Undergrad: 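I'd like to ask you about the structure that follows.
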Amino acid sequence: MSSPNGKLTARESNALDMRYVFLALTGALFVGIIVYPLYHVLAKSFVSGSGLSLANYVKVFSNPTNFKALWNSIWMSATTSVIAMVAGTSLALFVIRTDIPCKNLLRIMLLMPYAIPPFIGAIAWTQLFGPAGYISKAYINLFGSYDVPWNIYSTGGIVLVMAMYQFPVVFITVSGALGRLDPSFEEASRMSGANAFKTMRDVTIPLVMPSIMAGTLLAFVGAISNFGIPALLGFRARFYVLTTRIYSALAIPDMPLATAMAVLLAITAGAALFVQIKFEKGQSRYTVISGKSVRPQTISLGKWRMPIFFMVVAVSLFASIVPMASMLLTSVLKYWGAPIKLSNLTLKHFSYVFNLEMARRALKNSFILAVLAATVTMALGAVVSYMSVKAKMKAAVVLDIVGTFPYAVPCTVIAIAMILAWSKPPIMLYGTLWIMLAAYLVRYMPFSIRTTRATLQQIHSSLEEAARMSGAGWLQTMRHIVVPLIKPGLIAGWILVFMPAFRELTMSVLLWSQGNETIGVVIYNMQDAGNTQIAAAISSIVLLLILVGNVIVRKVSKGQVGL
Amino acid sequence: MGIGIEVVGLFKYFGSVAAVNDISFSVKEQEFYSLLGPSGCGKTTTLRCIAGLEQPSKGSIKIGDRVMSSASEGICIPPEKRGIGMVFQNYAVWPHMNVEQNISYPLRITKVPSEKVRDRVNEVMDMLKLTGLGKRFPSELSGGQQQRVALGRALSIKPAIMLLDEPLSNLDAKLREQMRFELKDLQRNTGIAILYVTHDQVEAMAMSDRVAIMKDGVIIQEGKPLDIYKNPKEKFVADFIGTTNFIECDVIGSSASSTDIRLESGSTFTVPEATDIRGRCTLALRPEDIELSAEGTDGFEAEVEVGIFLGNVIDYRIKIGNSKLRVQSTVATMFRPGDKVRAKVGRVVLFN
Ligand SMILES: Nc1ncnc2c1ncn2[C@@H]1O[C@H](COP(=O)(O)OP(=O)(O)OP(=O)(O)O)[C@@H](O)[C@H]1O
Ligand SMILES: [Mg+2]
């Protein structure tokens with residue numbers, strides 16, 4: 001508080017000092033771990049041989065394979081996002097706005113792919129639809145044919161599996177917008193003489209169009225940044241995208257080429273996100289909440305109710321239960337391809353995994369990395385958010401922006417940045433576990449800033465002011481008031497960083513080294529080497545942990561957040 | 001034209017709560033009818049049942065001679081087939097359409113030829129003083145203008161019936177007063193029946209041909225505004241409509257045309273009103289029905305506590321024993337605090 005004559009009291013100026021010290025330290029750290037490495041990628045991509053040049057980019061555009069990868073990335077992601085848009089939007093409309101049964105259950109099931117790591121999903125889909133897959137074999141038995149009319153290891157397979165893991169993004173944004181839409185907009189349309197269908201066409205869909213577009217662009221970014229699916233399904237089909245080409249370029253190693261492709265990847269994803277933010281702003285102008293809790297009548301589907309219900313159920317099952325069940329089944333079968341009966345079930349793959357030195361090491365590494373990444377990012381995120389939301393400090397707003405920026409940078413690009421920045425003196429992290437920690441910190445900083453910001457915004461500042469008026473200093477106020485109030489939010493946020501970090505693949509696969517494997521890397525390598533069942537056993541363990549984590553998050557946040 | 005609404009035995013339950021609990025009323029053709037009551041009494045729910053946005057639990061709703069909802073016969077005509085215009089409390093003007101598109105939507109959806117649409121839209125915009133704003137989007141309009149667009153949208157298909165749910169509550173006081181007159185004019189010029197919902201008694205009194213006072217899902221009293229004002233059937237109505245003083249008193253005698261009353265302070269007086277109530281009762285007195293004078297023998301003795309000059313009237317607070325009364329007097333002489341006065345009582349209503 002200021003004293004009456006406007007001068008700061010001693011305690012106030014101390015508190016101010018403390019805050020600036022915190023801010024300055026965080027700022028320095030952000031520059032070191034985020035700005036410096038990312039700047040390296042951009043700079044390196046324009047350097048070749050002796051000086052500045054565009055040679056690396058020329059190499060991308062002149063080499064047909066590289067250029068094709070850029071083109072493949074773009075159209076594969078575009079096709080994926082269009083499918084995700086149609087599927088996500090119609091599912092949201094069906095589940096939120098019509099009278100199909102079991103809506104809540106369907107909603108949860110449709111959100112599940114969001115929690116399943118896409119590469120684990122891709123493995124499950126090969127188990128289902130691959131040459132010896134469960135569904136392929138069922139098809140052959142059923143129709144007595146020798147072959148199946150599909151091939152999961154193909155462009156189409158990649159697009160479909162990718163769409164399966166991207167449509168929940170559209171589903172979430174659109175159903176959120178539908179929930180916030182003032183029901184009287186639709187009722188006014190009914191009163192104007194439009195029936196349920198015309199109301200949907202003329203009022204509902206146009207009003208949530210910005211959200212549909214925003215969700216679709218997020219799906220695009222998700223698809224173009226994904227490594228696991230095109231790697232596990234595309235290498236065999238000789239279908240390359242930027243992320244898999246960068247992986248190959250690093251194996252050669254051709255660092256300058258990888259860097260140039262990384263910049264192209266970052267630009268494409270960044271442009272999409274830029275437009276996405278525009279759409280998001282557009283939506284917020286459209287959604288006005290009247291404060292009345294009247295929900296609009298759900299649209300009666302009439303004779304279509306059951307057919308549509310079964311269709312939604314089928315999609316939900318394939319989005320959630322089916323891949324998990326397939327993973328579990330594969331992990332307990334005596335051998336891959338064994339007939340499914342009780343006598344063919346075994347736990348030997350699990351005991352093999354638990355005795356495998358590499359797997360145990362990977363579990364331990366991933367656990368350490370995820371704990372550290374979650375703890376450090378949440379602590380830094382809390383400081384930055386507090387300073388910008390509560391203390392309303394200008395400098396903190398800058399940090400907020402810097403810390404959130406990596407959200408727009410694909411994981412592959414972050415990994416390249418880490419290699420460029422940390423594999424030369426004075427700091428040599430390449431070849432150790434810590435380079436992955438550095439990457440995770442950059443990657444998950446935006447998430448922690450976002451969750452802590454949301455949590456802090458819910459606390460009215462008068463609560464803190466009351467503590468200050470009661471004589472508590474800044475640190476005491478933090479300890480006694482702020483921290484206890486935001487604790488549930490912090491715990492939920494911590495788990496929301498821990499879980500994706502624990503099963504991270506895209507960055508780890510570029511950064512790991514012998515002895516420093518992560519769980520994602522081991523699953524990927526096992527599957528790649530044809531050890532389907534070992535990969536399935538480890539994946540099952542990971543899925544179980546994700547499930548448990550999700551239950552905890554929902555408990556802690558009272559159902560407000562989940563993966 | 002010339003269609004009314006008839007609601008018979010309407011019930012609406014939300015879970016086990018009865019938001020509307022056996023309501024019957026009818027709106028005659030070309031009538032301005034208001035549902036008036038405190039928050040949560042079921043006005044909106046009644047209106048939404050008539051609109052078809054809510055399905056009644058029991059009862060029937062007829063518009064003209066068409067049955068729109070009948071729980072017993074299992075009829076519930078969808079809202080778009082009822083031919084009703086409706087104005088929502090928050091306007092619900094579509095933000096993705098401009099003024100013209102909003103107003104013309106009901107016409108376009110019923111496939112009216114486009115020249116006719118244009119003519120009608122221009123006509124409605126003229127009537128509502130929206131000329132020149134046709135290409136603007138709702139975000140570029142003031143609250144009052146948005147509300148006119150909502151009205152225009154409801155009027156464009158020339159509905160025989162309009163439902164309005166607190167359409168003025170989001171406007172500032174001045175605009176609200178102006179819109180009151182405009183709505184009334186509009187109804188006179190178009191000859192449609194209007195069912196109006198509000199919790200603002202001044203609004204209801206000023207515009208309505210008839211008013212229904214609602215409480216807890218039932219209609220307590222229905223009638224012309226002045227009749228309700230003069231003869232409230234219950235203490236609740238007297239309190240809700242206008243300002244009323246309530247005093248505990250005893251009836252000590254009565255004749256065919258007057259009643260003798262004793263106040264708690266001991267003073268007795270006679271009011272020119274017959275009653276069959278005996279003993280303890282509540283006396284309801286409108287502030288303007290009390291006349292103050294410096295001397296005389298009518299009414300009862302009281303002491304002026306404070307008087308505020310309001311321009312057209314003087315607003316006094318007077319004291320009799322322990323009770324305080326509000327009095328609005330037009331008399332030119334102003335009493336001062338502490339003055340002893342005689343309060344002569346005009347109309348009163350007695351409640352058990
Ligand atoms: N969809 C609903 N679900 C459950 N209860 C409801 C619903 N709509 C209304 N109610 C309840 O029914 C009662 C009547 O509500 P209604 O909206 O009709 O009141 P109102 O008279 O319009 O009040 P206000 O003047 O505040 O608008 C309230 O107690 C309300 O809580
Ligand atoms: Mg209401």
Side-chain angles (χ1 to χ4, degrees), chain A residues 89 97-99 174 177-178 180-214 278-305, chain B residues 14 19 39 44-45 47-48 50-55 76-97 101-112 137-140 146 149-157 159 161-166 169-170:
Chain A
T89 306
R97 277 292 197 270
T98 69
D99 60 348
V174 175
L178 283 175
R180 285 190 304 273
L181 197 65
D182 189 331
S184 52
F185 284 137
E186 286 160 302
E187 289 172 354
S189 163
R190 298 298 293 273
M191 296 311 295
S192 300
N195 60 23
F197 170 76
K198 285 177 182 157
T199 297
M200 196 174 260
R201 186 193 65 192
D202 295 340
V203 175
T204 316
I205 293 181
L207 281 177
V208 295
M209 197 38 115
S211 282
I212 296 176
M213 294 309 294
K278 289 261 135 81
F279 278 117
E280 214 164 56
K281 289 222 176 90
Q283 183 70 75
S284 64
R285 277 190 318 157
Y286 277 6
T287 36
V288 213
I289 305 171
S290 65
K292 299 207 167 176
S293 56
V294 211
R295 291 305 325 153
Q297 286 175 320
T298 49
I299 295 164
S300 172
L301 289 172
K303 62 174 192 281
W304 290 100
R305 183 165 179 253
Chain B
F14 290 111
S39 184
T44 299
T45 310
L47 201 75
R48 289 172 61 81
I50 295 171
L53 296 168
E54 213 80 68
Q55 197 166 351
C76 192
I77 308 283
E80 67 269 18
K81 301 234 170 75
R82 296 193 175 201
I84 300 176
M86 181 162 173
V87 179
F88 291 78
Q89 179 170 3
N90 55 344
Y91 320 143
V93 175
W94 299 307
H96 64 299
M97 296 187 194
Q101 288 167 328
N102 264 287
I103 294 178
S104 64
Y105 186 77
L107 301 167
R108 285 184 284 135
I109 205 81
T110 42
K111 307 245 160 51
V112 174
F137 281 88
S139 57
E140 300 159 335
Q146 284 187 36
V149 176
L151 260 172
R153 184 176 61 191
L155 282 169
S156 65
I157 43 160
I161 290 189
M162 275 241 280
L163 308 178
L164 293 93
D165 190 355
E166 309 202 20
S169 63
N170 284 0

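From a predicted model like this one, the values you see are computed outputs, not experimental measurements. Below, chain A is the first sequence line, B the second, and so on; all start at residue 1. Computed from heavy atoms alone, side chains included, the values below leave out hydrogens, waters and symmetry copies.
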Undergrad: Where is the tightest heavy-atom contact between B:Glu80 and A:Ala196, given as atom of each residue plus distance?
TA: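 That would be OE2-N, 4.2 Å.
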
Undergrad: I'd like to know if A:Glu187 and B:Arg48 make a salt bridge, using a cut-off of under 4.0 Å between side-chain N and carboxylate O.
TA: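 Yes, this pair counts.
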
Undergrad: Which value, rounded to the nearest 0.5 Å, describes the distance between A:Ser192 atom OG and B:Ile84 atom CD1?
TA: 12.0 Å

Undergrad: Taking side chain to side chain donor-acceptor pair (under 3.5 Å) as the definition, give me every residue that meets it alongside B:Glu166, ordered by chain and number, with sequence neighbours left out.
TA: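 Partners of B:Glu166 under the side chain to side chain donor-acceptor pair (under 3.5 Å) test: B:His199.
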
Undergrad: Would you say the side-chain atoms of B:His96 pair up with the backbone N or O of A:Val208, donor to acceptor, closer than 3.5 Å?
TA: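 Not at all, since once roles are kept as given, no pair shorter than 3.5 Å links the two residues.
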
Undergrad: CD1/B:Ile109 to CZ/A:Arg190 distance, rounded to the nearest 0.5 angstrom?
TA: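 Reported to 0.5 Å precision, the distance equals 11.0 Å.
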
Undergrad: Report which part of B:Val87 has an atom under 4.5 Å of a heavy atom belonging to chain A: side chain, backbone, both, or neither.
TA: neither

Undergrad: Suppose we screen for ring pair (Phe, Tyr, Trp, His ring centres under 6.0 Å). Which residues come up paired with B:Tyr105, at least two apart in sequence or across chains?
TA: B:Trp94

Undergrad: For residues A:Ser184 and B:Ala92, report the shortest heavy-atom separation together with the two atoms involved.
TA: O-CB, 3.5 Å

